[in-house]
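Everything on this sheet refers to the single structure shown next.
Order of the sequence lines fixes the chain letters, A, B, ..., with proteins taken first and strands second; residue numbering starts at 1 for each chain. The structure presented is a predicted model; accordingly, all values stated were derived computationally and were not measured.
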Protein chains: 2
Amino acid sequence: MTSATKTLELLSFFSEQHPEIGLSQFCKLTSRDKATTYRHLQSLEIVGFIEKNPLTKKYRMGPAVLPLAQIRERTVPRKSAAKASVEQLADATGETAHVSVLSGTTLYSLVAVESPKHSTRAIVDLKTLPLHATASGICTLAYGPDILTQTAKQNLERFTAKTQTTEQGLDAAIQRVKETGFSHSKGSIEEDIYGLSAPLFDQSGTIAGAVSVASVATRFNADAERTIKHQLILASRQISHNWGGSIPNPIEACWSKTLAET
Amino acid sequence: MTSATKTLELLSFFSEQHPEIGLSQFCKLTSRDKATTYRHLQSLEIVGFIEKNPLTKKYRMGPAVLPLAQIRERTVPRKSAAKASVEQLADATGETAHVSVLSGTTLYSLVAVESPKHSTRAIVDLKTLPLHATASGICTLAYGPDILTQTAKQNLERFTAKTQTTEQGLDAAIQRVKETGFSHSKGSIEEDIYGLSAPLFDQSGTIAGAVSVASVATRFNADAERTIKHQLILASRQISHNWGGSIPNPIEACWSKTLAET
DNA sequence: TGTATCGGTTCATATAATGAACCTGTGTTT
DNA sequence: AAACACAGGTTCATTATATGAACCGATACA
């Protein structure tokens with residue numbers, strides 16, 4: 001580990017819950033010497049990554065991180081940041097993979113990749129995804145604000161015989177997502193398509209969208225389900241990371257439990 | 001200069017205009033060895049501050065900066081980030097100093113500090129500042145979008161005999177700001193108050209507000225004006241920096257020219 | 001085919017990072 | 001008020017780590 005990585009590592013101890021950290025606290029957190037840590041902090045202060053709160057004498061995040069984030073957001077759009085992960089997901093599962101983003105109360109399809117493995121495959125040709133009838137949508141409802149579910153209930157359009165069109169049915173589906181960390185949709189938007197979905201998070205810590213695998217019903221079985229879930233977890237972590245977020249611990253716990261059971 | 005600061009310095013070469021930089025380009029920019037620079041870049045890549053664009057093999061800003069900026073924005077509000085600078089400004093000028101922020105088409109007073117140096121002094125008791133009748137307001141108009149000036153012209157309320165209430169007068173005042181980098185208001189909101197103002201910028205690169213000194217007319221002279229302008233520049237740079245922005249070069253050039261003339 | 005430039009790697013050397021011990025100030029306990 | 005604990009900050013000999021000349025392999029171009 002280089003001196004530079006050790007220095008940068010200090011930044012990872014800041015959070016919205018712990019916005020200010022003193023020298024001694026840093027020493028405890030890193031198990032490093034006081035002098036070393038002090039010099040590391042000075043390096044960060046020189047470049048503006050941290051600053052001292054003159055009142056508390058503790059260190060806090062500096063202003064220099066703001067323009068960097070601005071550059072990242074402006075120059076690396078979400079789509080390209082998710083693309084590689086979706087391609088990998090499609091390749092690993094042999095099915096169609098896609099990512100959707102939540103904007104307001106609408107879920108937009110961002111990028112979809114079909115796998116050439118099978119001649120029959122799901123095609124994602126929707127610009128916006130119905131919240132109540134897709135795996136992505138129900139996943140978003142499960143981790144999004146209540147207002148989102150309320151909005152979804154305003155328009156429970158029927159697409160197939162299997163579409164959930166009752167509030168009770170939707171609530172039950174949402175509950176299952178909260179328990180497992182995954183969202184299922186079995187023929188609810190198209191008869192022969194089974195969907196599996198996991199949530200995505202950005203730097204705001206709130207849900208930002210969903211990553212999904214759309215499989216053809218006839219080849220969907222327990223074995224495929226296990227593979228897809230495993231790959232979805234990897235993709236969700238990767239994409240969330242690229243968007244500046246991370247998977248909340250409760251969801252990681254759900255995933256562990258769900259995978260252990262199968 | 002420590003290895004850590006050298007490493008972090010690399011990040012400052014990224015901009016929205018140059019979002020991707022290769023190893024050799026970094027070497028030229030820093031006049032450092034290839035091996036050294038390569039290791040620095042690796043350190044940054046490990047912690048997610050940069051990532052390689054797999055297509056171009058060049059480096060670009062990484063996702064790790066996003067949560068850091070989020071923490072900064074959530075835990076260090078603009079007010080406290082400007083406070084120290086405003087206090088220093090009031091102290092150095094012996095007058096009342098204040099900072100205002102632009103939100104939508106409204107200019108809000110964020111923080112004001114009175115200097116105890118004189119028994120007569122300006123008092124900023126406004127929650128929102130009229131765009132056409134204050135130094136802060138005209139400064140904001142000069143560097144803000146056109147729509148802002150159009151909005152301001154909708155309501156050219158008269159406060160004193162000296163308030164600009166014509167569109168032509170306002171346009172002329174704005175033009176003077178664009179030429180000098182400073183905004184003046186001589187009794188346009190209160191008869192005996194002379195204001196001097198400089199713009200503030202945040203990480204978006206657009207105008208974020210203004211920093212001003214409100215002086216009592218009777219003691220305002222060329223000497224005071226020079227001092228105030230000089231201090232305003234320092235304050236504007238500091239506050240903009242704390243908000244994640246910087247002063248655009250054209251404005252810095254205006255300031256240099258204006259100060260040289262006096 | 002030669003060569004110019006790119007990203008990346010190696011290894012002896014020299015420089016810069018390290019931490020035990022030492023200040024200094026502040027607030028608390030006795 | 002003396003004694004103590006803990007905070008941030010500093011010093012200097014020792015040691016580990018950063019450094020850069022030279023090298024490698026790939027790509028592009030004339």
Side-chain angles (χ1 to χ4, degrees), chain A residues 1-15 17-64 71-72 75-76 80-81 84, chain B residues 1-15 17-64 71 75-76 80-81 83-84:
Chain A
M1 193 181 235
T2 70
S3 139
T5 52
K6 276 183 258 182
T7 301
L8 289 170
E9 204 199 339
L10 294 175
L11 292 172
S12 66
F13 292 103
F14 289 110
S15 67
Q17 287 71 45
H18 304 103
E20 297 200 340
I21 306 176
L23 172 58
S24 305
Q25 293 173 64
F26 269 123
C27 292
K28 279 173 200 154
L29 289 166
T30 56
S31 311
R32 290 194 205 118
D33 186 80
K34 197 164 44 163
T36 302
T37 306
Y38 180 63
R39 278 185 298 261
H40 287 170
L41 290 169
Q42 274 189 317
S43 299
L44 290 173
E45 199 177 3
I46 286 167
V47 291
F49 275 55
I50 61 170
E51 65 183 11
K52 262 205 295 258
N53 183 339
L55 288 170
T56 60
K57 283 190 149 194
K58 294 185 175 190
Y59 297 90
R60 66 181 179 201
M61 201 65 74
I71 292 169
R72 168 76 189 185
T75 59
V76 186
S80 65
Chain B
M1 193 183 235
T2 71
S3 141
T5 53
K6 277 184 256 182
T7 301
L8 290 169
E9 202 200 341
L10 295 175
L11 292 172
S12 66
F13 292 104
F14 289 110
S15 67
Q17 286 72 45
H18 304 103
E20 297 201 340
I21 305 176
L23 172 59
S24 304
Q25 293 173 62
F26 270 122
C27 292
K28 280 173 199 156
L29 290 166
T30 56
S31 311
R32 289 193 206 117
D33 187 81
K34 197 164 45 164
T36 302
T37 306
Y38 179 62
R39 278 185 299 260
H40 288 170
L41 290 169
Q42 274 190 316
S43 299
L44 290 172
E45 199 176 2
I46 287 167
V47 291
F49 275 54
I50 60 170
E51 65 183 11
K52 262 205 295 257
N53 183 340
L55 289 169
T56 61
K57 283 190 152 192
K58 293 184 174 190
Y59 297 90
R60 66 182 178 201
M61 201 64 74
I71 292 169
T75 59
V76 186
S80 64
K83 199 158 167 263

Counting only side-chain N and O atoms of B:Ser24, is one of them less than 4.0 Å from OP1 or OP2 of C:dG7?
yes
Give one of base, sugar-phosphate or nothing for B:Tyr59, where a contact means two heavy atoms less than 4.0 Å apart.
sugar-phosphate
OP1 or OP2 of C:dG7 less than 4.0 angstrom from a side-chain nitrogen or oxygen of B:Tyr38, does that happen here?
no
Taking only the side-chain nitrogens and oxygens of A:Lys28, find out if one of them lies under 4.0 Å from OP1 or OP2 of D:dA7.
yes
Separation between OG1 (B:Thr37) and CD1 (B:Ile21), nearest 0.5 Å, reads 12.0 Å
If you look at every strand shown and take non-hydrogen atoms under 4.0 Å, does A:Lys52 touch a base, only sugar-phosphate, or nothing?
sugar-phosphate
Here the distance between atom C1' of D:dG9 and atom CG of A:Asp33, to the nearest Å, is 12 Å
Separation of D:dG25 C1' from B:Lys57 NZ (nearest whole Å)
10 Å
Could you tell me whether A:Phe26 and A:Phe14 have their ring centroids closer than 6.0 angstrom?
yes
In Å, rounded to the nearest 0.5 Å, how long is the span from CD of A:Glu20 to CD of A:Glu51?
9.0 Å
How many angstroms lie between CZ in B:Arg39 and OG in B:Ser3, if you round to the nearest 0.5 Å?
9.5 Å
Quick check: on DNA chain D, is the nucleotide nearest A:Ala4 upstream (toward 5') of the one nearest A:Lys34, or the reverse? Name the residue that is more 5'.
A:Lys34
Is A:His40 close enough to C:dA17 that one of its side-chain N or O atoms is under 4.0 Å from OP1 or OP2 there?
no
In whole Å, I'd like the distance from the CD atom of A:Gln42 to the P atom of C:dA16.
16 Å
Verdict with reasoning, B:Glu9 to B:Arg32, per salt bridge (charged side-chain N to carboxylate O under 4.0 Å, His left out):
CA-CA 12 Å; B:Glu9 202 200 341; B:Arg32 289 193 206 117; 2.5 Å; yes
With a 4.0 Å limit, can you tell me whether B:Thr36 has a side-chain N or O closer than that to the phosphate oxygens OP1/OP2 of D:dG20?
yes
How would you label the contact of A:Arg32 with the nucleic acid (heavy atoms, under 4.0 Å): base, sugar-phosphate, or nothing?
nothing
Separation of C:dG8 P from B:Lys58 NZ (nearest whole Å):
13 Å
Nearest whole Å is fine: how far is D:dG8 P from A:Arg39 CZ?
16 Å
Using whole Å, report how far CZ of B:Phe26 lies from P of C:dG8.
12 Å
What is the nucleic acid contact for B:Lys6, judged by heavy atoms within less than 4.0 Å: base, sugar-phosphate only, or nothing?
sugar-phosphate
